[in-house]
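So the structure is just underneath, and the comments pick up after that.
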There are 2 protein chains.
Amino acid sequence: MSKAKQPAEGAASRLDGNALRTQRTRSRVLAQSLALFNELGEAHVTTGMIADALDMSPGNLYYHFRNKGQIIEELFDRFEQRVDVRPRASGRAAEAIEDLWLYLHLMLEAIGEYRFIYRNLDDVVGRNRKLRVRFARIVDRQAGAIVALCESLVGSGAMQARPAQIATLAQNAIIVSTSWLGFAAATGRDGGEAAALGQGAFQVMSLFAPYLRGEARAHLDSLILEYID
Amino acid sequence: MSKAKQPAEGAASRLDGNALRTQRTRSRVLAQSLALFNELGEAHVTTGMIADALDMSPGNLYYHFRNKGQIIEELFDRFEQRVDVRPRASGRAAEAIEDLWLYLHLMLEAIGEYRFIYRNLDDVVGRNRKLRVRFARIVDRQAGAIVALCESLVGSGAMQARPAQIATLAQNAIIVSTSWLGFAAATGRDGGEAAALGQGAFQVMSLFAPYLRGEARAHLDSLILEYID
DNA sequence: GTCTATATAGGGATAGAC
DNA sequence: GTCTATCCCTATATAGAC
């Protein structure tokens, strides 16, 4: 499926100095692109800006990447791996709520690291058939993970919710996680990325609160208070 | 604050035939722009496409509007008026839940009509200082309206929630309302605008369900079932 | 008020030297 | 592998005739 990306490969298949250098340059481009995309929005970052930031010529950048779309797709690859986390699912009630907390926390961190994807979902993902399908699959996995965590909570008596409610709850949790950063930016209240992330975690966790029972609910409240200071 | 927009005004201040025609042309441009923005996304609609769709020359379009940004701002004006709805707030419990339902429904409709704003919040609103402030004010009003409706529900015993919970709930309701359409499009499951809107209403209303008590909750469930068929 | 023609600018991408 | 130079296209916006 994936073809060789570098032209100079037929002669020597060993990883010589040049190949290493190539890989390093590609990585630098990806890292710099991610930083600029996150800061300015993908559409407002030109290939020239990326090259400039690396003291590199535009031509050289295009030696390593066919086009701008390829940079985006490779960043999406990395995000896809980064976000593919199997949640821990311990049986005990006291830990189940922390499992949920941990999982959502990891998701929000990953979203923050690759927020250019979420800042403009429509342009980055919505218009690219391949990415749209892959993104939908990521969302499905996330929903599945959240549902499993909720079922674990229900099993231990810490949560009270019917399957249909859990499904809707999981959807809403993903929507809020997905949209919070962009929403905060659009209303101009992000006030720093760290603050926005903490507030986002609070918003997401509060979705689950009304379904929790007994000490699980108190436990969640304390986790929230701890997190947002 | 707002200067005269048409040059031919010093001579005759009465509304003669030309002035009427001008206004009509401006309206046609705005309507066509809205349709195209909603369909393709603001960034992907050129002034030439708008002119073409109206069998009009680009030059003529620029006679009526200084630039593309002005079209966007005037559409935002219309949206701002469209969305500025004071919710009804009746005292009785049975009606209070319908007041909330009605208000959210109206919001979702308005968002659907001007979905190009929400489809790409960052580009349309986030980068324009004036629009960003105005959008934040709209969100504040919406939050205030939802909070008031919830307080009314609490007062009549139909809802059980503390003020802090209500504030967070209102925020989440706005985030889901705001983001649902874009999210559905990005995951490729919108399956028609009407369906997406109904599903969005369902997602939003389900946020309130766990805080409702007694027959109010049953009432909401029936409203939801009715709405999504 | 509307048109045609065009100036202008930016950014993606390529050619060819080194 | 990297650079310089440049092509090419698209889109905003303007000039000036009718």
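Chain letters run A, B, ... following the sequence lines, proteins first, then strands; residues in each count from 1. Atom set for the values below is all heavy atoms of this structure, side chains included, hydrogens, waters and symmetry mates excluded.
Here CD of B:Q70 is found 9.5 Å from CG of B:D77. Values are rounded to the nearest 0.5 Å. Here the CG atom belonging to B:L20 is positioned 8.0 Å from the CD atom belonging to B:Q23, to the nearest 0.5 angstrom.
Of the candidates C:dT2, C:dA13, D:dT2, C:dA13 carries the atom nearest the A:N67 side chain, counting heavy atoms from C-beta on. The nucleotide whose nearest atom lies closest to any side-chain atom of B:H64 is, among C:dT2, D:dT2, D:dC3, C:dT2. Comparing C:dA13, D:dA13, C:dT2 by their nearest atom to the side chain of A:K68 picks out C:dA13.
Side chains of A:F37 and A:N120 form no contact here, defined as non-hydrogen atoms less than 4.5 Å apart.
Residues of residues 39-54 of chain A that place a heavy atom closer than 4.0 Å to DNA chain C, in numerical order, are A:V45, A:T46, A:T47.
Atoms CD (B:Q23) and P (C:dT2) sit 12 Å apart, rounded to a whole Å. Taking atom CD of B:Q70 as the reference point, atom C1' of D:dT12 lies 14 Å away to the nearest angstrom. Taking atom CZ of residue A:R28 and atom C1' of nucleotide D:dT2, one finds them 12 Å apart after rounding to whole Å. In this structure, the CE atom of A:M56 is 7 Å from the P atom of D:dC3, given to the nearest Å. Taking atom CZ of residue A:F65 and atom P of nucleotide C:dG11, one finds them 20 Å apart after rounding to whole Å.
For residues 40-55 of chain B, the set of pairs meeting the salt bridge (Lys or Arg N to Asp or Glu O under 4.0 Å) definition, not counting sequence neighbours, comprises B:E42-B:K68.
Residue B:S57 is the one, among B:S57 and A:G69, whose nearest nucleotide of DNA chain C lies closer to the 5' end (criterion: closest heavy atom).
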Under-3.5 Å N/O pairs linking protein and nucleotides 14-18 of chain D:
none

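A salt bridge does not link B:D84 with B:R137: none of the charged nitrogens is closer than 4.0 Å to a carboxylate oxygen.
The main-chain N or O of B:G112 is found under 3.5 Å from a side-chain atom of B:R115 such that the two form a donor-acceptor pair. Side-chain atoms of B:W101 do not come within 3.5 Å of backbone N or O of B:L220 as any donor-acceptor pair. In this structure a side-chain-to-backbone donor-acceptor pair under 3.5 Å is missing from B:R119 to A:D122.
No close placement of the A:F135 and A:F79 rings is indicated, their centers lying 6.0 Å or farther apart.
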